[in-house]
Amino acid sequence: MLGRTRKVAVLAAAVTLALAGCAKEDTGGTTASGVPLIKTGSLTTCTHLPYAPFQSKDAAGKVVGFDVALIDLVATKLGVTQAIVDTPFEGIKSGTDLESGKCDIAAAGMTITDERKKVLDFSDPYFDATQALAVVTGKEVKTLEQLAGKRLGVQGGTTGEDYIKTQVAEKKLDVEVVSYKDLAALQQALSTNQVEAAVNDLPVWNEYIKANPGKVAVAAGFDTGEQYGFAVKKGNAALLKAVNEALAAAKSDGTYEKLYATWIGDKPTV
Ligand code: GLN
């Protein structure tokens, strides 16, 4: 049993530790080049996993991909290291995560749209994408019309979901659109025949096919003319400038092309 004096001493030590903890809480800072960061020494990135080849966990559990490599260039330029936060896409695209200070930057294979521009400041475009319809290999589907009476999977909150819902409404298609919470759930639904076909950005299907040869095929492409951008909190001009400068430098010195070849495979189009 502790004596009264010991008890008081233990309590006092606990209070001191708690106060020290408070004092040490990281409220961020500003880099030498004037970029505000929510955590000292880190560029905190919000993303939504998995979205290979842009961001996904490797065998060792490390988040890697094209977006990760590009944001690493920004972090290096700022003299800090990238810290990645996995969070639902809705909070990213709505601007909530950046506004609330969860992250400094969003990198999520995210398409630049007019609606999103109202709540986010986008970098220069860094990737061109289209939508694509994937089916289990051997299925004879080539058009949305051929999915009449069937289920079509999409990923919730994405431009692919918007595109398909608009097509189904405009063309009055008898297709049941089913939204999944992330890419992994959508791909699982497709490969287990819960849906007849699935729509997502073309590069993620190409990556899935590379990783799972022979299982799934791209049946059709929809040239939506999308471009990806990284996003910062509205008004964070200092960080946006650093991002655009890092992208421009990577494009002019061949780093972008090298990373593109590593993660995407084909020649860069932007
Ligand atoms: N490019 C798509 C969009 O911005 C999908 C992004 C994602 O799922 N990470 O909606």
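Just so you know, ligand 1 is whichever comes first in the structure, and atom 1 is the first atom listed for that ligand. When reading the values below, keep in mind they use all heavy atoms of this one structure, side chains included, and skip hydrogens, waters and symmetry mates.
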With a heavy-atom distance limit of 4.0 Å, tell me whether [X] approaches ligand 1 through its side chain, its backbone, both, or neither.
X	result
K93	neither
F89	side chain
D201	side chain
Q131	neither

For residues [X] and [Y], report the shortest heavy-atom separation together with the two atoms involved.
X	Y	value
C103	T44	CB-O, 3.5 Å
K142	A219	CD-O, 3.6 Å
E196	L147	CG-CD2, 3.6 Å

Exercise. Without hydrogens or angle criteria, can the side chains of E115 and T113 be said to hold a donor-acceptor pair below 3.5 Å?
Worked result: no
For this session: Consider only side-chain N and O atoms of T87 and K102, and report whether a donor and an acceptor are under 3.5 Å apart.
Result: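 Yes, a side-chain donor-acceptor pair sits under 3.5 Å.
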Problem set entry | Verify same cluster id: I84, V80 (apolar side-chain graph, 4.5 Å) | no
Nearest neighbour in protein (non-hydrogen) for [atom]:
atom	result
atom 6 (C) of ligand 1	G109 O, 3.3 Å
atom 10 (O) of ligand 1	T159 N, 2.8 Å
atom 5 (C) of ligand 1	Y51 OH, 3.3 Å
atom 9 (N) of ligand 1	A108 O, 2.7 Å

Side chain or backbone, does [X] bring an N or O within less than 3.5 Å of an N or O on ligand 1?
X	result
E226	no
N200	no
M110	no
T111	yes

Can you sort out which atoms of ligand 1 are near [X], meaning under 4.0 Å from one of its heavy atoms?
X	answer
Q155	8 (O)
R116	3 (C), 4 (O), 10 (O)
Y228	1 (N)

Seminar exercise, completed: Rounded to the nearest 0.5 Å, the OH atom of Y51 sits from the CG atom of D67 at a distance of 10.0 Å
Exercise. Going through the distances and angles, do L183 and Y208 end up as a side chain to side chain contact (heavy atoms under 4.5 Å, CB included)?
Worked result: CA-CA 10 Å; L183 179 66; Y208 186 72; over 6 Å; no
For this session: Start with the C-alpha gap between W205 and Q187, add the side-chain angles, then the distance that decides, and say whether side chain to side chain contact (heavy atoms under 4.5 Å, CB included) holds.
Result: CA-CA 9 Å; W205 289 126; Q187 291 174 332; 3.7 Å; yes
For this session: Could you please spell out the steps behind the ring pair (Phe, Tyr, Trp, His ring centres under 6.0 Å) verdict for Y256 and Y126?
Result: CA-CA 9 Å; Y256 178 92; Y126 67 89; 7.8 Å; no
